[in-house]
Amino acid sequence: MSGKLSHHLLRLPRRKHISIVVPFFNEGDGVEIFNAALQTVLAELPDYQFEIICIDDGSTDDTLDRLLTLAQTNPQYHVIELSRNFGKEAAMTAGLDLASGQAVIPIDADLQDPPCLILQFVRAWENGAEVVLAHRAHRDTDSYLKRKTAAWFYRLHNHLADISIPQNVGDFRLMDRCVVDALKRLPEQQRFMKGLFSWVGFKTVVVEYDREPRAFGASKFPGWKLWNFAIEGITSFSTTPLKIWTYVGTTGAAFTILYALFILLRVLI
Ligand code: UDP
Ligand code: MG
């Protein structure tokens with residue numbers, strides 16, 4: 001009888017476990033604001049158990065202290081401190097590595113990724129989606145220059161690379177455990193996450209949203225950093241730039257050899 005009972009208890013539905021992964025770089029002023037906004041949304045999902053993994057990406061302000069204070073009172077919080085600023089891609093990778101949920105949601109700390117979308121993410125996941133993408137309906141909150149350069153980047157990248165990355169979709173998404181496990185098996189050291197996310201594939205559903213301006217602080221991606229990031233994206237998934245320079249190099253070398261032969265013959269003759 002007792003054996004039967006414990007067997008029965010084991011089969012009771014357990015709360016599903018979801019991880020939220022948040023990279024923080026000098027976002028001290030926003031830690032509490034972020035937490036308040038997130039908790040409002042999580043309160044609407046009482047049937048799920050959440051862990052919130054915060055990665056302090058070498059902040060020089062009080063971000064880490066504030067995260068640790070939060071973690072003291074809220075057991076959902078787990079804080080990872082990186083030894084220096086490694087960049088958002090590395091911070092997210094660290095978070096994905098440690099996330100233990102059956103689904104994982106990377107989200108920015110500055111509330112540009114509206115937490116209320118998590119409700120739609122979870123619904124789509126429960127309906128069978130393995131990836132739920134947040135697609136920006138428009139880019140009105142970006143400057144003209146950022147809109148243009150982003151459009152050029154997607155065009156160039158998707159033209160050159162073997163995989164295409166969806167336009168106007170950031171890192172904010174839900175991924176099922178099977179997707180995260182596939183990502184973790186990729187050995188890349190320099191991780192252009194947008195590309196890797198697309199590369200692994202899986203059954204994908206898209207939800208539309210409006211991206212708000214930053215709730216606090218300033219962007220951590222100045223122009224030159226974005227430029228390098230774009231180059232990283234293209235060279236990570238395409239050998240075309242390498243081929244171009246191979247052709248340019250070979251042509252140059254061939255001309256040089258011919259010209260040297262010409263001079264040699266002229267001297268001899
Ligand atoms: N971030 C990070 N490391 C960095 C730069 C940014 O962890 O070196 C985090 C940042 O704290 C934020 C997210 O990545 O949570 C997105 O950064 P940001 O909002 O500055 O980028 P933008 O929205 O301007 O593209
Ligand atoms: Mg932002």
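Each ligand, and each atom within it, is numbered from 1 in the order the structure gives. We're numbering straight along the sequence, starting at 1.
- In terms of polar-atom proximity, Ala218 is not counted as a contact of ligand 1, lacking any N or O under 3.5 Å from an N or O of the ligand.
- Set against the non-hydrogen atoms of Arg211, the atoms of ligand 1 under 4.0 Å away are 23 (O).
- Nearest protein heavy-atom contact of atom 21 (O) of ligand 1 is Phe221 CD1, 3.2 Å.
- In the model, Glu51 has a side-chain atom that pairs as donor or acceptor with a side-chain atom of Ser19 under 3.5 Å.
- Here the heavy atom of the protein found nearest to atom 5 (C) of ligand 1 is Lys220 CB, 3.5 Å.
- No part of Met92 comes within 4.0 Å of ligand 1, judged by heavy-atom distances.
- Residue contacts with ligand 1: Ala91 is placed with no nitrogen or oxygen under 3.5 Å of a nitrogen or oxygen of the ligand (distance criterion only).
- Below 30°, between 30° and 60°, or above 60°: for Phe172 and Tyr209 the angle between ring planes is above 60°, a perpendicular geometry.
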Practice item. Just do the salt bridge (charged side-chain N to carboxylate O under 4.0 Å, His left out) check on Asp181 and Arg177 with the steps written out, would you? Key: CA-CA 6 Å; Asp181 285 343; Arg177 172 51 44 196; 3.0 Å; yes

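- A salt bridge does not link Lys220 with Asp57: none of the charged nitrogens is closer than 4.0 Å to a carboxylate oxygen.
- Using a 30° and 60° split on the angle between ring planes, Phe34 and Phe24 fall in the perpendicular class, above 60°.
- When OD2 of Asp110 and OE1 of Gln112 are joined through the Mg ion (ligand 2), the resulting angle is 100° to the nearest 10°.
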